[in-house]
Amino acid sequence: MLQLCIFGGYEGPFGAEKKACFTVFGSCSLHRPTLARQIITAQKVSRGLVAPPKLIFITVFGATEIKCPTLAEEFLDLREAIRSGTLHDSDWDRYLAELDRYQSSSLMSLTLFGSFSESELPSEDEEVEGIALQRHFGNITADSGKVLEMGVGQSGSQRHALIRQAVSMA
């Protein structure tokens, strides 16, 4: 798929398909899939069920950002994947190692006179609002919500560990 942003903007999902984004004098904002969805896709790639995605980003005089899901979205997807038996909590470390191998070869970018951000965290307001909303709906318990709140502003392995801990408490 080819995504062109010329003197304009685009905001949408960032999937596992082959994709090329060309941004000139504009902006492109993509939302990364949750950790659970990324792990499931990485498993399918390692088993040969789907081709590994190739993502190419070319940004000239513009801005491209790939935004991470909120902690609430991460929590809900991972909890449901574990409850359905698609993922197993005991294999967490193996999943993350598999995911690192999968991600290392899937993304290429070229940026000239612009900016490219690969892992932009949601704002503090988005995170807190998402957790509060899911607590209100009863999807996140008070204990899990407190753990997720500690993850606001965190990235990488710290964020992953807090999501796993919150799911384990649920």
Side-chain angles (χ1 to χ4, degrees), residues 1-78 81 92-134 148-164 166:
M1 177 182 177
L2 177 63
Q3 181 65 51
L4 293 173
C5 299
I6 302 174
F7 292 104
Y10 172 75
E11 183 173 349
F14 170 64
E17 72 277 355
K18 293 181 181 181
K19 189 174 206 171
C21 289
F22 186 64
T23 305
V24 180
F25 294 108
S27 68
C28 181
S29 179
L30 301 170
H31 301 276
R32 184 182 296 279
T34 62
L35 192 58
R37 292 175 196 260
Q38 291 178 57
I39 291 169
I40 292 167
T41 301
Q43 288 179 331
K44 289 178 181 178
V45 168
S46 69
R47 292 183 189 132
L49 300 174
V50 296
K54 292 293 178 192
L55 305 159
I56 301 169
F57 297 93
I58 300 172
T59 307
V60 181
F61 292 106
T64 299
E65 75 174 10
I66 301 171
K67 201 168 188 179
C68 296
T70 64
L71 289 162
E73 292 169 330
E74 292 278 17
F75 172 84
L76 294 174
D77 267 7
L78 183 58
W92 181 256
D93 294 329
R94 184 178 60 82
Y95 292 149
L96 292 181
E98 194 174 281
L99 187 60
D100 283 342
R101 270 184 272 125
Y102 158 75
Q103 288 179 336
S104 65
S105 64
S106 65
L107 188 127
M108 296 179 285
S109 71
L110 172 68
T111 305
L112 299 170
F113 303 106
S115 68
F116 178 78
S117 176
E118 184 179 346
S119 295
E120 193 70 26
L121 291 176
S123 70
E124 185 176 331
D125 288 343
E126 290 173 312
E127 293 279 32
V128 171
E129 187 176 305
I131 293 169
L133 184 64
Q134 293 304 323
L148 291 174
E149 286 172 359
M150 292 188 319
V152 174
Q154 301 292 326
S155 62
S157 60
Q158 293 171 332
R159 187 175 180 91
H160 298 164
L162 287 169
I163 294 165
R164 179 184 182 195

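In what follows, every heavy atom counts, from backbone to side chain, and hydrogens, waters and symmetry copies are set aside. The first residue of the sequence shown is numbered 1, and numbering continues consecutively from there.
The two residues Pro13 and Lys19 have their closest heavy-atom pair at O-NZ, 3.6 Å. Minimum heavy-atom separation, His160 to Trp92: O-CZ2, 3.6 Å.
Residue Lys44 places its NZ atom among 12 or fewer non-hydrogen atoms of other residues, nucleotides or ligands, all under 6.0 Å distant.
The backbone N or O of Leu35 sits less than 3.5 Å from a side-chain atom of Glu74, completing a donor-acceptor pair. Side chain of Thr70 to backbone of Glu73: a donor-acceptor contact under 3.5 angstrom is found. Remark: side-chain polar atoms of Arg164 are not paired, donor with acceptor, to backbone N or O of Leu78 under 3.5 angstrom. For the pair Gln38 (side chain) and Leu99 (backbone), a donor-acceptor distance under 3.5 Å is absent.
Residues forming a side chain to side chain contact (heavy atoms under 4.5 Å, CB included) with Ser155 (at least two apart in sequence, or on another chain): Leu121.
Side chain to side chain, Thr59 and Thr23 fail the donor-acceptor criterion of an N or O pair below 3.5 Å. Between Glu120 and Ser117, the side chains place a donor N or O and an acceptor N or O closer than 3.5 Å (distance only, hydrogens not considered).
Note that the CD1 atom of Ile58 and the CE atom of Met108 stand 9.0 Å from one another [nearest 0.5 Å]. Taken to the nearest 0.5 Å, the CG atom of Leu148 stands 9.5 Å off from the CZ atom of Arg159. To the nearest 0.5 Å, the span separating SG on Cys21 from CD on Gln3 amounts to 5.5 Å. Within the model, atoms CZ of Phe61 and CD1 of Ile6 stand 14.0 Å from one another, a figure rounded to the nearest 0.5 Å. Distance check: Ile39 CD1 to Leu96 CG gives 5.5 Å after rounding to the nearest 0.5 Å. Separating the CG atom in Leu71 from the CG atom in Leu162 is a distance of 8.0 Å, to the nearest 0.5 Å.
Every pair passing salt bridge (charged side-chain N to carboxylate O under 4.0 Å, His left out) that includes a residue from residues 62-71 is listed here, sequence neighbours excluded: Lys67-Glu126.
Looking at Ser29 and Thr64, their side chains never come closer than 4.5 Å, going by heavy atoms from C-beta outward. Within the 4.5 Å cutoff, side-chain heavy atoms of Ile66 are placed close to those of Phe57. The shortest side-chain heavy-atom distance between Glu127 and Pro122 falls under the 4.5 Å cut-off. Between Cys5 and Phe22 the shortest side-chain heavy-atom distance does not fall below 4.5 Å. Between Arg32 and Phe14, the closest side-chain pair of non-hydrogen atoms falls below 4.5 Å.
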Steps toward side-chain contact (heavy atoms from CB on, under 4.5 Å) verdict (Asp77, Arg37): CA-CA 8 Å; Asp77 267 7; Arg37 292 175 196 260; 2.6 Å; yes
